K.L.:
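Pasting in a structure now, in structure tokens, and then I'll have a few things to ask.
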There are 2 protein chains.
Amino acid sequence: MKSVRFSTRGRYGVQIMVDLARHSEEGPISLKSVADRQKLSEHYLEQLVPELRKAGLVKSIRGAQGGYVLAKKPEDIYIGDVIRVLEGPIAPVECNNQTGKDCCEKTSFCVTREVWVKVRDSINDLVDSISLADLIKDADNGEGEKVNLFEDEA
Amino acid sequence: MKSVRFSTRGRYGVQIMVDLARHSEEGPISLKSVADRQKLSEHYLEQLVPELRKAGLVKSIRGAQGGYVLAKKPEDIYIGDVIRVLEGPIAPVECNNQTGKDCCEKTSFCVTREVWVKVRDSINDLVDSISLADLIKDADNGEGEKVNLFEDEA
DNA sequence: ACAAATTCCGATTGGTTTAGTAGGATATAA
DNA sequence: TTATATCCTACTAAACCAATCGGAATTTGT
């Protein structure tokens, strides 16, 4: 049981974009080559990339020798956009009552709301501060300081 | 489609704890009264609270006129603990390969990892900085500045 | 003209997770 | 001894996830 997870959509999305950024000099990149390099299902990626295209993050070239290219420079693409396109808005909880009125009176639910708002803002601020260029640069330099994703292995 | 969500477990858990904190002078608080005030299923809460007890966050008093009380002062209970007890560790992604070795070589997956690590740390730092006492105090003061949880309503 | 490569699109599926519900056993105050 | 509680183990309906399947449309190279 892990909480506050990104689904594969957002994770793969960022992988795809980084892969495209790294091969951006080579003309259109086929999903097949991305899938091979990243060890992902090409068919599943086919489901994701069109959404990135509709959002204006990549461009597609159809037909043989076609593929995808970034629609903007890597330094102008922030992973927050990639994630939100594929995963929807980052919203750690929903309001009970969509109107927002008549909710949050007296009950301690109202009190807890501010927590979720802060979490949401904190995540959004973070992912909106990291561009594809930042990620590529880190990879070339540090060679990935092997940080540990798991709490229990600290 | 909303991403990076807390489940009801963590959300209700924080609600319960805040409710207990607010009524901490009244002796043991029955889950029934919490459920009534918070408009939640008592039976569902019954599933959550024992986990908080095992984690040492609340104490239970069985039998008639029994209920739950906080095990510590509200200023010593951080919502990060409540959330992690009920939702498990906050881990926005899993590693492909639990050992950590032989993963993250050359592929851009490695590069993206640092993103998830930062997200994880940022959330943990935040929830570990907010105590129950903080939440109650805010409720009494600001009366809840009506922040908006939804991105699209900004 | 044709074959291969490729994006594009919709439907289906198996598995997991979520958010409970059901039903009772145990403990205690009055 | 009854009403009020916690405690515990199953079960379940619905939603969601991560694909897979099958094929249509588009373009390049021969």
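Quick caveat, the model's predicted, so the values are computed rather than measured.
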K.L.:
Is A:Y44 reachable from A:Y68 through a run of I, L, V, M, F, W or Y residues, each pair having side-chain heavy atoms under 4.5 Å apart?
P.N.:
yes
K.L.:
Which distance, rounded to the nearest 0.5 Å, do you find between the CG of A:L132 and the CG of A:D19?
P.N.:
11.0 Å
K.L.:
Could you state whether B:V69 and B:I79 fall into the same hydrophobic cluster, counting links through intermediate Ile, Leu, Val, Met, Phe, Trp or Tyr residues with side-chain heavy atoms under 4.5 angstrom apart?
P.N.:
no
K.L.:
So for atom NZ, which belongs to B:K72, do other residues, nucleotides or ligands contribute more than 12 heavy atoms lying within a distance under 6.0 Å?
P.N.:
yes
K.L.:
Do A:L48 and A:I61 land in one hydrophobic cluster if side-chain heavy atoms of ILVMFWY residues count as linked below 4.5 Å?
P.N.:
no
K.L.:
Would you call A:D125 and A:K118 a salt bridge, using N to O less than 4.0 angstrom?
P.N.:
no
K.L.:
How many angstroms lie between CG in B:L70 and NZ in B:K59, if you round to the nearest 0.5 Å?
P.N.:
10.0 Å
K.L.:
Here's a test of your reading of the structure: between B:S41 and A:S30, which maps to the more 5' nucleotide of DNA chain C?
P.N.:
A:S30
K.L.:
Using a 3.5 Å distance criterion without hydrogens, assess whether the side chain of A:D134 forms a donor-acceptor pair with backbone atoms of A:S131.
P.N.:
yes
K.L.:
Pick the nucleotide of DNA chain D nearest each of B:L31 and B:Q47; which residue has the one closer to the 5' end?
P.N.:
B:L31
K.L.:
What are the residues of residues 48-62 of chain B, sorted by number, that bring a heavy atom to within less than 4.0 Å of DNA chain D?
P.N.:
B:R53, B:S60, B:I61, B:R62
K.L.:
Just the endpoints, please: which first and last nucleotides of DNA chain C, 5' to 3', lie under 4.0 Å from a heavy atom of chain B?
P.N.:
C:dA19 to C:dA29
K.L.:
Assign B:F6 to base, sugar-phosphate, or nothing according to its heavy-atom contacts below 4.0 angstrom with the strands shown.
P.N.:
nothing
K.L.:
Of all nucleotides in DNA chain D with an atom under 4.0 Å from a non-hydrogen atom of chain A, which is the first and which the last going 5' to 3'?
P.N.:
D:dA18 to D:dT28
K.L.:
Check every strand shown and say whether B:L40 touches a base, only sugar-phosphate, or nothing at a heavy-atom separation below 4.0 Å.
P.N.:
nothing
K.L.:
Using a strict cut-off of less than 4.0 Å between a Lys/Arg side-chain nitrogen and an Asp/Glu carboxylate oxygen, indicate whether B:E51 and B:R9 qualify as a salt bridge.
P.N.:
yes
K.L.:
Is it true that B:Y78 and B:L57 fall in one hydrophobic cluster, defined by side-chain heavy atoms closer than 4.5 Å?
P.N.:
no
